[in-house]
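Here is the structure we will look at.
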Amino acid sequence: MIEYIRGEIAELTPAMAVIDCNGVGYAANISLNTYSAIQGKKTCKLYICEAIREDAYTLFGFADRQERELFLLLISVSGIGGNTARMILSALSPAELVNVIGNENAHLLKTVKGIGLKTAQRIIVDLKDKIKTGAVAAAGIGGAGLGATAPNAEVMDEAVAALTMLGFQQGASQKVVVAILKEEPAAPVEQVIKLALKHL
């Protein structure tokens, strides 16, 4: 089992990081929170969750243990897979997610793409007690700070690419991203993606 990977950041997009460890490149799916935390760094350490299926071997990487803990709790809920859990952790910071579950705010949780009211309620019922007693609550997590502003066109390209990697149609993603950048031209890429996730 891989606990963490530490090395140089060879490639980085808002949805994936490739970490070079002594000449071997490990591709890990990441959330926007992790992207914010490692963006601009040359090296990083990602805590890993391995998803092994018959047809795929996927790594999910997290900038801290608390986010990985939340990811593991989310995928323990029936009907929530790795990509849906990553989507939730991209739309909400770990601190926001803990608050949403703790306050039983199913309506805010269902604003995440792919989460209906029943699934949101199931997440809250299954995880409410675990979050109260778990290491997540004790750690007092804070959301990662937003990165520096990038030029508009670059932000648009990166945001659309990330949304496409998350499974959204390119045309629809482009439309939403353009609309967001018209309203908030200085928004960094992770903020644009978070807003787009609410509209797609």
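Positions are given from 1 along the sequence.
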Does any non-hydrogen side-chain atom of [Y] lie less than 4.5 Å from one of [X]?
{"X": "Leu195", "Y": "Glu184", "answer": "yes"}
{"X": "Asn29", "Y": "Leu59", "answer": "no"}
{"X": "Lys113", "Y": "Lys198", "answer": "no"}
{"X": "Ile193", "Y": "Ser90", "answer": "no"}
{"X": "Leu197", "Y": "Leu163", "answer": "yes"}
{"X": "Glu11", "Y": "Met16", "answer": "no"}
{"X": "Pro188", "Y": "Val155", "answer": "no"}
{"X": "Leu109", "Y": "Leu117", "answer": "no"}

Are Ser36 and Glu190 close enough that a side-chain donor and a side-chain acceptor fall under 3.5 Å?
->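 Yes, Glu190 and Ser36 have a side-chain donor paired with an acceptor closer than 3.5 Å.
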Would you check, one step at a time, whether the test side-chain contact (heavy atoms from CB on, under 4.5 Å) holds for Lys130 with Ser76?
-> CA-CA 11 Å; Lys130 291 178 186 174; Ser76 73; 4.0 Å; yes
Taking all heavy atoms of [X] and all of [Y], pick out the closest pair and write down the distance.
{"X": "Val160", "Y": "Gln170", "result": "CG1-CG, 3.9 Å"}
{"X": "Ser78", "Y": "Asp126", "result": "N-OD2, 4.4 Å"}
{"X": "Ala91", "Y": "Val112", "result": "CB-CG2, 3.8 Å"}
{"X": "Ala63", "Y": "Ile38", "result": "CB-CG2, 4.4 Å"}
{"X": "Ala162", "Y": "Pro14", "result": "CB-CB, 3.7 Å"}

Counting N and O atoms only, with roles assigned by atom type, does the side chain of [X] sit under 3.5 Å from a partner on the main chain of [Y], one being a donor and the other an acceptor?
{"X": "Glu67", "Y": "Asn33", "value": "no"}
{"X": "Arg6", "Y": "Leu46", "value": "no"}
{"X": "Arg53", "Y": "Thr58", "value": "no"}
{"X": "Asn103", "Y": "Asn105", "value": "no"}

Joint cluster assignment, [X] & [Y], ILVMFWY side-chain distance < 4.5 Å:
{"X": "Val189", "Y": "Met165", "value": "no"}
{"X": "Val18", "Y": "Tyr26", "value": "no"}
{"X": "Tyr4", "Y": "Ile2", "value": "no"}

Side chain to side chain donor-acceptor pair (under 3.5 Å) between Glu3 and Tyr47, worked out | CA-CA 6 Å; Glu3 171 63 15; Tyr47 292 93; over 6 Å; no
To the closest 0.5 Å, what do you measure between [atom1] ([X]) and [atom2] ([Y])?
{"X": "Ile101", "Y": "Ile124", "atom1": "CD1", "atom2": "CD1", "result": "7.0 Å"}
{"X": "Ile9", "Y": "Cys44", "atom1": "CD1", "atom2": "SG", "result": "4.0 Å"}
{"X": "Cys49", "Y": "Glu69", "atom1": "SG", "atom2": "CD", "result": "11.0 Å"}
{"X": "Arg86", "Y": "Leu74", "atom1": "CZ", "atom2": "CG", "result": "13.5 Å"}
{"X": "Asp157", "Y": "Thr13", "atom1": "CG", "atom2": "OG1", "result": "13.0 Å"}

More than 12 heavy atoms of other residues, nucleotides or ligands under 6.0 Å from [atom1] of [X]: is that the case?
{"X": "Gln169", "atom1": "CD", "answer": "no"}
{"X": "Lys45", "atom1": "NZ", "answer": "yes"}
{"X": "Asn22", "atom1": "CG", "answer": "no"}

Name the orientation class of the two ring planes belonging to Phe71 and Phe60 (parallel below 30°, tilted from 30 to 60°, perpendicular beyond 60°).
-> tilted
Scan Ile30, Thr34, Leu32, Leu70 and name whichever one has a side chain to side chain contact (heavy atoms under 4.5 Å, CB included) with Leu89.
->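 When side chain to side chain contact (heavy atoms under 4.5 Å, CB included) is applied between Leu89 and each of Ile30, Thr34, Leu32, Leu70, only Leu70 qualifies.
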List the steps and the verdict of side-chain contact (heavy atoms from CB on, under 4.5 Å) for Val77 and Thr119.
-> CA-CA 9 Å; Val77 176; Thr119 308; 5.8 Å; no
Please step through salt bridge (charged side-chain N to carboxylate O under 4.0 Å, His left out) for the pair Lys41 and Glu8, ending with a clear verdict.
-> CA-CA 9 Å; Lys41 295 183 179 178; Glu8 281 183 31; over 6 Å; no
